[in-house]
Structure formats: structure tokens, C-alpha cells
Amino acid sequence: MQFSELTSDGVTYRITGHAPGAIGINEIGYHASLIVRPRSLHQDWPVRAAGELDLAALEPVLEDPPEVLLIGTGEVSRFPPRELRRELQRRELGVEIMDTAAACRTYNLIMAEGRDVAAALIVEPAEAADD
């Protein structure tokens with residue numbers, strides 16, 4: 001099921017799957033953390049755990065802040081460092097923190113509503129997710 005129309009340049013990034021250690025974007029599997037927006041994909045995002053999140057890591061999103069930022073923290077929901085949460089709140093950015101699977105589902109729903117959404121998704125290696 002397609003959740004959004006294609007843009008005039010022919011590319012809309014939607015999440016088409018999630019499994020431990022992988023995320024599907026437009027039917028292509030990615031095995032590293034990434035940031036996805038309806039019209040952009042930032043591959044190989046260097047964050048591997050919620051504790052690594054900081055303003056510098058989120059710079060690809062904060063340059064052009066979305067209406068809603070979803071942060072998927074891996075296989076379980078973990079809060080990023082308190083300092084980062086305070087700074088995002090100070091910036092009045094709509095942020096939701098959840099496990100990566102939930103963030104994937106939520107991204108597609110918000111995108112289908114036509115809202116400006118970004119998802120910063122931590123992909124843990126499959127063996128780490130099984131621990």
C-alpha cells in the first residue's frame with residue numbers, strides 16, 4: 001500500500017519495512033542508522049545508540065526543522081541524554097521518542113497526512129538486538 005503520492009521529481013521516501021538490524025525504504029534494505037524525510041534520505045547516520053544522540057548528530061534535521069521529529073531509539077525505547085531533550089524542547093520542536101519499529105509506523109502515518117515529518121532511526125546490528 002502506498003501512503004503518499006510521488007513528488008514531481010519522482011522520489012518520495014516511505015518506510016516499507018522494519019526488522020531487527022534493518023529498515024526498508026522504498027523496498028530497499030538499509031542496515032545502518034539513517035534519517036528519512038519524505039523528500040530526503042540521509043544514509044549511514046553515525047548514531048548507533050540513544051546515548052550517542054546530541055545536537056551535532058541531529059544537525060541534518062535541525063538545519064531545516066520539520067513539524068514533527070520522530071526519534072527511533074533501536075529495538076526498545078530509550079530516552080536520549082537529558083541535555084538534548086531540554087534543547088529540543090527549548091527550540092519548540094515537536095519531538096516523539098519511541099522504539100524504531102514504532103517510529104517507522106508513525107512516520108508513514110504522519111507523512112500520509114501530508115505533514116512535514118522526519119525520522120531519525122537508530123538501527124542496531126541484528127545480533128545486538130537479540131541480546
Side-chain angles (χ1 to χ4, degrees):
M1 171 186 272
Q2 186 169 340
F3 288 95
S4 65
E5 295 180 21
L6 293 177
T7 62
S8 60
D9 64 357
V11 179
T12 295
Y13 295 100
R14 64 187 168 87
I15 298 173
T16 53
H18 174 267
I23 293 176
I25 305 285
N26 292 356
E27 306 296 335
I28 298 171
Y30 294 87
H31 300 278
S33 300
L34 53 85
I35 298 173
V36 62
R37 293 180 86 158
R39 289 172 186 76
S40 66
L41 177 62
H42 182 83
Q43 301 176 44
D44 296 322
W45 185 45
V47 176
R48 300 292 178 253
E52 297 175 13
L53 284 166
D54 60 18
L55 283 177
L58 291 174
E59 191 59 33
V61 174
L62 298 176
E63 292 172 347
D64 179 23
E67 179 182 346
V68 178
L69 170 60
L70 306 171
I71 299 176
T73 61
E75 295 306 307
V76 297
S77 183
R78 295 178 181 95
F79 283 107
R82 177 175 288 144
E83 302 79 34
L84 175 63
R85 295 190 323 256
R86 284 183 182 152
E87 179 59 24
L88 294 174
Q89 184 177 36
R90 187 192 68 73
R91 293 178 183 219
E92 299 181 0
L93 182 63
V95 178
E96 296 293 333
I97 299 164
M98 58 193 75
D99 64 72
T100 296
C104 289
R105 292 187 299 269
T106 304
Y107 170 87
N108 283 338
L109 292 171
I110 294 173
M111 188 179 73
E113 295 172 350
R115 296 169 62 198
D116 185 14
V117 62
L121 305 171
I122 295 173
V123 177
E124 298 171 321
E127 61 275 3
D130 293 337
D131 290 345

Which atom of [X] lies closest to which atom of [Y], heavy atoms considered:
X   : Y    : answer
P66 : A118 : CG-CB, 3.8 Å
E75 : A19  : OE2-O, 4.5 Å
R37 : P65  : NH2-C, 3.9 Å
A32 : D44  : CB-OD1, 3.5 Å
G72 : A103 : CA-CB, 3.8 Å
Y13 : Y107 : O-OH, 2.7 Å

Inset, instruction - May I ask you to decide if V76's main-chain N or O and T73's side chain share a donor-acceptor pair within less than 3.5 Å? - result: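 Yes: the side chain of T73 pairs with the backbone of V76.
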Pick one: which of [options] meets side-chain contact (heavy atoms from CB on, under 4.5 Å) with [X]?
X   : options             : result
S33 : Q43, E124, R48, H42 : R48
V95 : L84, L70, L88       : L88
W45 : V36, V123, V61, L58 : L58

Indicate every side-chain donor-acceptor pair of residues 22-31 with a distance under 3.5 Å to a residue at least two apart or in another chain.
{"unit_1": "N26", "atom_1": "OD1", "unit_2": "R14", "atom_2": "N", "d": "3.0"}
{"unit_1": "N26", "atom_1": "ND2", "unit_2": "T12", "atom_2": "O", "d": "2.9"}
{"unit_1": "H31", "atom_1": "ND1", "unit_2": "G21", "atom_2": "O", "d": "3.1"}

Legend entry - Qualifying salt bridge (Lys or Arg N to Asp or Glu O under 4.0 Å) pairs with a residue from residues 97-109, counting only residues at least two apart or across chains: none
Legend entry - Pair listing, salt bridge (Lys or Arg N to Asp or Glu O under 4.0 Å) test, anchored in residues 51-71, at least two apart: E67-R115
Inset, instruction - Output yes when E87 and R90 qualify as a salt bridge under the 4.0 Å nitrogen-oxygen rule, no when they do not. - result: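 Salt bridge between E87 and R90, a charged N being under 4.0 Å from a carboxylate O: yes.
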[X] side, atom [atom1]; [Y] side, atom [atom2] - distance, nearest 0.5 Å:
X    : Y    : atom1 : atom2 : value
L121 : T100 : CG    : OG1   : 5.5 Å
R85  : I71  : CZ    : CD1   : 10.0 Å
N108 : H18  : CG    : NE2   : 12.5 Å

Cluster question for you: counting only ILVMFWY and a side-chain heavy-atom cut-off of under 4.5 Å, with indirect links fine, are [X] and [Y] together?
X    : Y   : value
L93  : V47 : yes
I97  : V68 : no
L109 : L69 : no

With a 4.5 Å heavy-atom cut-off, do [X] and [Y] have their side chains touching?
X   : Y    : answer
L62 : R91  : yes
M98 : T106 : yes
L41 : V11  : no

